[in-house]
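Down below is the structure, laid out as C-alpha cells.
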Amino acid sequence: MNEIQRKGTGDSSQTWPNMAHFWMPFTANKQFKTNPRLLVSAQGMYYTDIDGNKVLDATAGLWCCNAGHGRAEISEAVSKQINQMDFAPSFQMGHPLAFELAHKLSEISPDGLDHVFFTNSGSESVDTALKMALCYHRANGQASRTRFIGRELGYHGVGFGGISVGGISNNRKTFSQQLLQGVDHLPHTLDIANNAFSHGLPPHGLDKAEVLEQLITLHGAENIAAVIVEPMSGSAGVILPPEGYLKRLREITQKHGILLIFDEVITGFGRVGAAFASERWQVTPDMITTAKAINNGAIPMGAVFVSDGIHNTCMNGPDELIEFFHGYTYSGHPVAAASALATLSIYENEQLFERARELESYFEQAVHSLKGLPNVIDIRNTGLVAGIQFTPSDKGVGKRGYAIFDHCFRNGALVRATADIIALSPPLIVEKSQIDDMVNQLTDAINAVD
C-alpha cells in the first residue's frame, strides 16, 4: 500500500498519507498498512481519527497522558520556552529549568531519593540506572559487583541493557548473542491458578521473592550489583506484585548490599493512586526509573531518581573530574523541562494522584463486571489500571486479543492489547461515565469476537 488516496468518510477533511516509508515500532507493519488506524487530534479524554470519529482514550495514549489531552498549560509552556530558548547544552553547561524541575521532582519523590538524572525515554532511564549501579559499586570499593538480576516478563525498554534484564522473549531472542553477560532472572508473579480475579494485590506468591536468595547463593552477593523490577509489570499485561512481595525484595537486597531499582516508567505519576508505586506500597528502592507521564507525553523525556547514598558516593572524587561518564545530548532539554513543570503543576492543582485513588473502587467494580463473559479467565487491577486476560483463540495466541482491540477502536474506544490481554489505563481525569463507556465497549467487543 504505497499510496492511499482514500479520504476521511466522517467530518474530517484529512487525506491519507503515503505509508510506504515509515517503519513503525512494535507494529505488524503489513497488517497495519492494510487497514490503518490513524489519529489526527486529541482533546480531554478523546482522540479524533482520520475519518473524524471520536475515540475514547482508555490507555492514556501509551501510559503517558495522565492529565488528559490538549492541556493548554502544557502547550503554552512549550511555546513560551521554545521561543525563548529552543536548546541549551547540558555538558559542562546548564539552564535554570532543568535545576528547577529536578527540585520539583525531589519534592514528590520517596524520602532519600533526592537526586535526578535526566534522560529522554524509559529505555534510556533503565540503561542509565544500570550504569549508575556499576559506577556506585566501583566508587564504593566493590568493583566485583557487576551482575544484574531482572525478572521474567519484565519490560525495561529496548536498549541492550534493558532487554538483557528484561524478560519478554520476543524482545530478546533476535539479539540473544549480543545481550549483557552476567544477568539472571527472578520468576514472574503471574499466577492465574491461585490469584484469578483478585481485587488489588493478589494474595498468593510471596514465596517467589525467596528465589532471590537462591540466586544470591548461586552467584555470590559480592558479585551482584542490582535487582531491577517493575512494581507492576505493565507491558506484559498488568501483572501485580503479590502482597508483601516488594517488601521482601527490599529486605533481601538490603541484607546483601545489593541495589534495588524500581522501573516506574508506567506506574510513576499517579497511575496506581500515588506519585509512585513505591509510595503506594511503602517500599523505597535505591533508584526509580521514569519517563512517559513525567510531562504528559508532550516531549520525549525521562528521569532516574537516585538515592543520596549512591549520589554522594559517586561524588567523592576530585572536584575537576567527571564523576559519571554518561549522558545524552538532550538530557534536561529546556522545552521538555518546561512541559514537565507545567504537567507537575496540573497534577498538584487538580490533585490527580489522589483522584486516581478515589476512583479506584469504582473502576475496580466496573472492570470486574466483565467476569463471566466469553473467554475471560482473569481480571486484575490497581489504581486506574486493569488487565483482562482471555483464553487464546484456536487461530493462535494473540489473535483474540488483537480482534478485541481492533473491534473497540472501530467502535470508538482505544484499549491496549498484549497477546491475549487487554489493558486499560485511562487518563486520571476520567469520569465515571467514561469508565462505564469503555467497559461497555469492551463488553460488546468480547461478545462479538470468536
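The structure presented is a predicted model; accordingly, all values stated were derived computationally and were not measured.
- Listed here is the closest heavy atom pair of Ser235 and Tyr155: OG-CD2, 3.4 Å.
- Of all the heavy atoms in Arg400 and Ser393, the pair that sits closest is NH1-N, 3.4 Å.
- A donor-acceptor pair is defined here as one N or O able to donate and one able to accept, closer than 3.5 Å; such a pair exists between the side chain of His185 and the backbone of Val165.
- The backbone N or O of Leu341 lies less than 3.5 Å from a partner atom in the side chain of Ser345, making a donor-acceptor pair.
- With Thr27 contributing its side chain and Pro25 its backbone, the two residues share a donor-acceptor pair below 3.5 Å.
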(message) Test side-chain hydrogen bond (donor to acceptor under 3.5 Å, both in side chains) on Asn312 and Asp308; report intermediate values, then the result.
(response) CA-CA 6 Å; Asn312 295 341; Asp308 298 344; 5.7 Å; no
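- Of the N and O atoms on the side chains of Arg145 and Asn223, not one donor lies less than 3.5 Å from an acceptor on the other residue.
- By the neighbour-count criterion of 12 heavy atoms within 6.0 Å, atom CG of Asn447 is densely surrounded, having more than that number from other residues, nucleotides or ligands.
- Contact annotation: the side chain of Phe353 approaches that of Phe269 to within less than 4.5 Å [non-hydrogen atoms, C-beta and beyond].
- Taking the six-membered ring for Trp, His115 and Phe305 have ring centres at least 6.0 Å apart.
- Here Ile261 contributes atom CD1 and Ile149 contributes atom CD1; the two are 11.5 Å apart, rounded to the nearest 0.5 Å.
- Here the shortest heavy-atom pairing between Ile422 and Gly401 reads CD1-O, 3.6 Å.
- Contact check for Phe409 versus Asp49: side-chain heavy atoms found under the 4.5 Å cut-off.
- With contacts defined as side-chain heavy-atom distances shorter than 4.5 Å, the pair Leu186/Leu212 qualifies.
- Here the closest heavy-atom approach between residue Ile224 and residue His137 is recorded as O-NE2, 4.4 Å.
- Of the inter-residue distances, the one linking Leu179 atom CG with Phe160 atom CZ reads 7.5 Å to the nearest 0.5 angstrom.
- Rounding to the nearest 0.5 Å gives a distance of 6.0 Å between NE2 of His368 and CD1 of Ile379.
- Taking the charged nitrogens against the carboxylate oxygens, Arg37 and Asp406 do have a contact shorter than 4.0 Å, which makes a salt bridge.
- Side-chain contact of Glu107 with His103: a donor-acceptor pair under 3.5 Å is present, judged by distance alone.
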(message) Evaluate His256 against Glu213 for side-chain hydrogen bond (donor to acceptor under 3.5 Å, both in side chains), listing each step before the verdict.
(response) CA-CA 9 Å; His256 293 285; Glu213 287 279 19; 3.0 Å; yes
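- Looking only at atom types and distance, the side chain of Ser331 has no donor-acceptor partner in the side chain of Ser90 under 3.5 Å away.
- Atoms CD1 and OH, on Ile435 and Tyr362 in that order, are 7.0 Å from each other to the nearest 0.5 Å.
- In this structure a side-chain-to-backbone donor-acceptor pair under 3.5 Å is present from Gln441 to Asn411.
- Comment: Arg355 engages Glu431 in a salt bridge, judged by a side-chain N to carboxylate O separation of less than 4.0 angstrom.
- Contacts of Asn120 classified as side chain to side chain donor-acceptor pair (under 3.5 Å), with partners at least two apart in sequence or in another chain: Glu124.
- Geometric assessment of Lys54 against the ring of Tyr46 yields a negative cation-pi assignment under the 6.0 Å and 45° thresholds.
- Classification of Lys292 and Glu264 as a salt-bridged pair fails, no side-chain N sitting under 4.0 Å from a carboxylate O.
- Looking only at side-chain heavy atoms (C-beta outward), Asp420 and Tyr402 stay at 4.5 Å or farther from each other.
- Across all their heavy atoms, Gly68 and Ile429 have their closest contact at CA-CD1, 3.7 Å.
- Using modelled atom types, one side-chain atom of Arg172 and one backbone atom of Ile163 make a donor-acceptor pair closer than 3.5 Å.
- Listed for the Arg280 side chain is a donor-acceptor partner under 3.5 Å among the backbone atoms of Val272.
- Atom CD1 of Ile310 and atom OG of Ser307 lie 3.5 Å apart (nearest 0.5 Å).
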(message) Determine whether Asp57 and Thr59 satisfy the following criterion, side-chain hydrogen bond (donor to acceptor under 3.5 Å, both in side chains), listing intermediate values before the conclusion.
(response) CA-CA 6 Å; Asp57 182 7; Thr59 65; 2.9 Å; yes
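- Under a 3.5 Å cut-off, the side chain of Ser369 and the backbone N or O of Ala366 do form a donor-acceptor pair.
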Let me have the donor-acceptor pairs involving side chains of residues 382-389, under 3.5 Å, with sequence neighbours excluded, atom names and distances please.
from   : atom 1 : to     : atom 2 : distance (Å)
Gln389 : OE1    : Arg380 : NH1    : 2.9
Gln389 : OE1    : Arg380 : NH2    : 2.9

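- His188 meets the side chain to side chain donor-acceptor pair (under 3.5 Å) test with no other residue; sequence neighbours excluded.
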(request) Please lay out, stage by stage, how Leu442 and Ile404 fare under the test side-chain contact (heavy atoms from CB on, under 4.5 Å). (result) CA-CA 7 Å; Leu442 261 179; Ile404 291 170; 3.7 Å; yes
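- Annotation for Pro110 and Phe276: closest pair CD-CD1, 4.0 Å, computed over non-hydrogen atoms.
- Side chain of Ser164 to main chain of Leu180: a donor-acceptor pair is present (N/O by atom type, distance under 3.5 Å, no hydrogens or angles).
- Atom NZ of Lys30 and atom NZ of Lys33 lie 11.0 Å apart (nearest 0.5 Å).
- Arg151 is listed as a side-chain neighbour of Ser233, based on a closest heavy-atom distance under 4.5 Å.
- Judged by distance alone, the side chains of Thr128 and His326 do bring a donor and an acceptor atom under 3.5 Å apart.
- Electrostatic pairing of Arg250 and Asp286 counts as a salt bridge here, judged by a charged N lying under 4.0 Å from a carboxylate O.
- Checking Thr289 against Asp263 by side-chain atom types alone, a donor-acceptor pair falls below 3.5 Å.
- With a 6.0 Å radius and a threshold of 12 heavy atoms from other residues, nucleotides or ligands, Glu348 has its CD atom at or below the threshold.
- Judged purely by distance below 3.5 Å, without hydrogens or angles, the side chains of Asn381 and His199 never pair a donor atom with an acceptor atom.
- With Asn296 contributing its side chain and Ala67 its backbone, the two residues share a donor-acceptor pair below 3.5 Å.
- Residues Leu414 and Tyr47 form a side-chain contact, since some pair of their non-hydrogen atoms from C-beta on lies under 4.5 Å apart.
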(message) Determine whether Glu350 and Arg71 satisfy the following criterion, salt bridge (charged side-chain N to carboxylate O under 4.0 Å, His left out), listing intermediate values before the conclusion.
(response) CA-CA 13 Å; Glu350 299 182 13; Arg71 299 302 303 244; 2.4 Å; yes
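- Heavy-atom contacts from other residues, nucleotides or ligands closer than 6.0 Å to NZ of Lys432 number 12 or fewer.
- In this model, no donor atom of one side chain and acceptor atom of the other lie less than 3.5 Å apart for Thr189 and Asp191.
- Ion pair Arg248/Glu251 flagged as a salt bridge, since at least one NZ, NE, NH1 or NH2 atom sits closer than 4.0 Å to an Asp/Glu carboxylate oxygen.
- You'll find the side chain of Thr343 stays beyond 4.5 Å of the side chain of Ile294, heavy atoms only.
- Counting heavy atoms from C-beta on, the side chains of Val229 and Leu249 come closer than 4.5 Å.
- Classification of the Phe117-Phe324 ring pair by plane angle, with boundaries at 30° and 60°, yields perpendicular.
- Between the side chain of Asp127 and the backbone N or O of Gly162 there is at least one donor-acceptor pair closer than 3.5 Å.
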